[in-house]
S.K.: 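Please find one structure pasted underneath; my questions will follow.
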Amino acid sequence: IVVRHFAVIALLGAACAAEAVAQEASTEAGPMKGPEWADPARESIPAAEATVLKARVEDRWKAIIDRDFDKAYGFETPEYRDSHTPDQYKRQFGPFADWHLATVKDISYDAPGVAKVGVVLDVSFNPPSGDPTPVRTETYLDEIWVNIDGQWWRRPVKLKYGAPAE
């Protein structure tokens with residue numbers, strides 16, 4: 001069990017970690033009905049916009065699953081790409097994880113132009129201890145995506161070890 005918990009923690013650090021949960025915001029118009037995979041407890045984005053965002057999230061995760069980190073890098077915000085090289089981005093993934101499937105479970109607005117996307121990730125973790133048996137698990141993580149000039153980009157989380165994420 002300890003190995004499994006360590007695997008999940010290390011994987012999340014290596015695989016972009018769990019995204020910080022942004023503060024909930026509401027609009028004056030109130031909740032909008034979204035697609036069937038939208039979280040009914042939170043304000044969802046319009047179905048057409050959610051479909052575009054869902055496709056971008058899935059395309060990013062397909063690139064990661066295929067270990068095409070150059071392609072995955074292209075989904076990060078322009079601000080991130082201005083301050084990080086593709087090689088710096090690739091290094092965060094390391095050799096210890098294999099991703100098998102990513103499924104978008106819910107999408108909701110956290111604020112205008114900011115969406116929280118819930119993803120279920122099926123992943124195997126290869127322990128650095130030398131144990132040849134991978135630990136396969138399923139985990140849920142929230143990603144924050146921002147709309148800049150009509151395009152959705154993944155906003156990376158800033159991790160502070162031993163402290164909550166910003």
Side-chain angles (χ1 to χ4, degrees), residues 3-23 25 45 49-132 134-166:
V3 171
R4 175 168 276 181
H5 290 279
F6 173 75
V8 171
I9 291 168
L11 166 67
L12 292 177
C16 305
E19 298 294 337
V21 177
Q23 294 179 0
I45 66 177
E49 191 171 352
T51 299
V52 170
L53 174 55
K54 180 178 186 246
R56 284 211 28 104
V57 173
E58 289 172 342
D59 288 347
R60 176 182 173 270
W61 275 105
K62 180 175 180 346
I64 292 170
I65 289 166
D66 293 343
R67 300 190 81 77
D68 185 350
F69 300 124
D70 288 326
K71 183 175 181 180
Y73 172 78
F75 290 92
E76 303 301 317
T77 62
E79 178 183 56
Y80 177 88
R81 288 180 285 123
D82 286 345
S83 63
H84 295 80
T85 68
D87 285 337
Q88 289 172 318
Y89 177 77
K90 288 178 205 178
R91 281 192 293 248
Q92 71 182 310
F93 293 97
F96 300 111
D98 290 310
W99 303 272
H100 307 288
L101 180 66
T103 306
V104 173
K105 285 297 183 186
D106 55 75
I107 298 176
S108 60
Y109 273 135
D110 276 348
V114 179
K116 183 168 86 170
V117 181
V119 178
V120 173
L121 187 59
D122 176 9
V123 63
S124 294
F125 175 75
N126 304 303
S129 65
D131 182 349
V135 176
R136 189 160 180 174
T137 189
E138 192 173 83
T139 190
Y140 180 91
L141 58 101
D142 286 322
E143 295 184 336
I144 303 301
W145 286 71
V146 295
N147 192 308
I148 301 170
D149 298 328
Q151 181 65 275
W152 287 101
W153 304 97
R154 181 185 164 273
R155 184 177 72 195
V157 65
K158 295 178 183 176
L159 294 179
K160 291 183 180 177
Y161 294 99
E166 292 180 349

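Basis for what follows: all heavy atoms, side chains included, without hydrogens, waters or symmetry-related copies.
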S.K.: Got Y73 and Y80 here, is their nearest side-chain heavy-atom distance under 4.5 Å?
M.R.: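 A side-chain contact under 4.5 Å exists here.
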S.K.: Charged N to carboxylate O below 4.0 Å: is that the case for E58 and K62?
M.R.: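 No, E58 and K62 are not salt-bridged.
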S.K.: List the steps and the verdict of side-chain contact (heavy atoms from CB on, under 4.5 Å) for R56 and Q151.
M.R.: CA-CA 10 Å; R56 284 211 28 104; Q151 181 65 275; 3.1 Å; yes
S.K.: Within a 6.0 Å radius of atom CD on E79, are there more than 12 heavy atoms belonging to other residues, nucleotides or ligands?
M.R.: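 No - once you tally the heavy atoms of other residues, nucleotides and ligands closer than 6.0 Å, there are 12 at most.
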S.K.: Measuring from atom CH2 of W152 to atom CG of N147, what distance do you get when rounded to the nearest 0.5 angstrom?
M.R.: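 W152 atom CH2 to N147 atom CG measures 5.0 Å (nearest 0.5 Å).
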S.K.: Please evaluate residues V119 and E143 with respect to the criterion side-chain contact (heavy atoms from CB on, under 4.5 Å), reporting the C-alpha separation (whole Å), side-chain torsions for both, the decisive distance (0.1 Å), and the verdict.
M.R.: CA-CA 8 Å; V119 178; E143 295 184 336; 4.2 Å; yes
S.K.: CG/D122 to CH2/W99 distance, rounded to the nearest 0.5 angstrom?
M.R.: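 The CH2 atom of W99 is 12.5 Å from CG of D122, to the nearest 0.5 Å.
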S.K.: Closer than 4.0 angstrom, basic N to acidic O: yes or no for R60 and E76?
M.R.: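 Judged by the 4.0 Å cut-off on N to carboxylate O distance, R60 and E76 do form a salt bridge.
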S.K.: Using the six-membered ring wherever Trp is involved, compare the ring planes of F93 and Y89 and label them parallel, tilted or perpendicular (cut-offs 30° and 60°).
M.R.: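 The rings of F93 and Y89 stand perpendicular, inter-plane angle above 60°.
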S.K.: Where do P95 and N126 come nearest, in terms of heavy atoms and distance?
M.R.: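 The pair with the smallest heavy-atom distance is O-ND2, 4.0 Å.
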S.K.: Indicate whether any N or O donor in one side chain lies under 3.5 Å from an N or O acceptor in the other, for Y140 and D106.
M.R.: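 Yes, because at least one side-chain N or O of Y140 sits under 3.5 Å from a partner of the opposite role on D106.
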S.K.: Kindly indicate whether the side chain of P134, heavy atoms from C-beta on, has any atom under 4.5 Å from the side chain of D98.
M.R.: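 SC-SC contact between P134 and D98 ruled out.
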S.K.: What distance separates S124 OG from R136 CZ, expressed to the nearest 0.5 Å?
M.R.: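 Spacing of OG (S124) from CZ (R136) equals 5.0 Å.
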S.K.: Could you tell me whether D87 and R91 have a side-chain N and a carboxylate O separated by less than 4.0 Å?
M.R.: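 Judged by the 4.0 Å cut-off on N to carboxylate O distance, D87 and R91 do not form a salt bridge.
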S.K.: Can you measure from CD1 (I107) to OG1 (T51) and round to the nearest 0.5 angstrom?
M.R.: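 Between atom CD1 of I107 and atom OG1 of T51 there are 8.0 Å.
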S.K.: Which pair of non-hydrogen atoms, one from R67 and one from G94, has the smallest distance, and what is that distance?
M.R.: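 Where R67 meets G94 most closely, the heavy atoms are NH2-O, 3.0 Å.
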S.K.: Quick one: pull up CZ in R81 and CD in Q88 and give me the separation to the nearest 0.5 Å.
M.R.: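 Output value for this atom pair is 14.0 Å.
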S.K.: Starting at NZ of K54, measure out to NZ of K105 and round the result to the nearest 0.5 Å.
M.R.: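 Reported to 0.5 Å precision, the distance equals 9.5 Å.
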S.K.: State, without any angle test, whether Y109 and E49 hold a side-chain donor-acceptor pair at a distance under 3.5 Å.
M.R.: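 Indeed, the side chains of Y109 and E49 share at least one donor-acceptor pair under 3.5 Å.
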S.K.: Are F125 and T137 side-chain neighbours, meaning at least one heavy-atom pair lies under 4.5 Å?
M.R.: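 The answer is no, as the side chains (C-beta and beyond) never meet within the 4.5 Å cut-off.
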S.K.: Let me see the working for L121 and W61 under side-chain contact (heavy atoms from CB on, under 4.5 Å), right down to the final yes or no.
M.R.: CA-CA 9 Å; L121 187 59; W61 275 105; 3.6 Å; yes
S.K.: Any carboxylate oxygen within less than 4.0 angstrom of a Lys/Arg side-chain nitrogen, looking at D70 and K90?
M.R.: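 Salt bridge between D70 and K90, a charged N being under 4.0 Å from a carboxylate O: yes.
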S.K.: Assign the ring pair W145 / F75 to parallel, tilted or perpendicular, where the plane angle (0 to 90°) is split at 30° and 60°.
M.R.: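 Aromatic pair W145/F75 classed perpendicular.
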S.K.: Tell me, do L53 and V117 make a side-chain contact under 4.5 Å, heavy atoms counted?
M.R.: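 Yes; the side chains approach each other to less than 4.5 Å.
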S.K.: Apply side-chain contact (heavy atoms from CB on, under 4.5 Å) to the pair R154 and T77, showing each step before the final yes or no.
M.R.: CA-CA 6 Å; R154 181 185 164 273; T77 62; over 6 Å; no
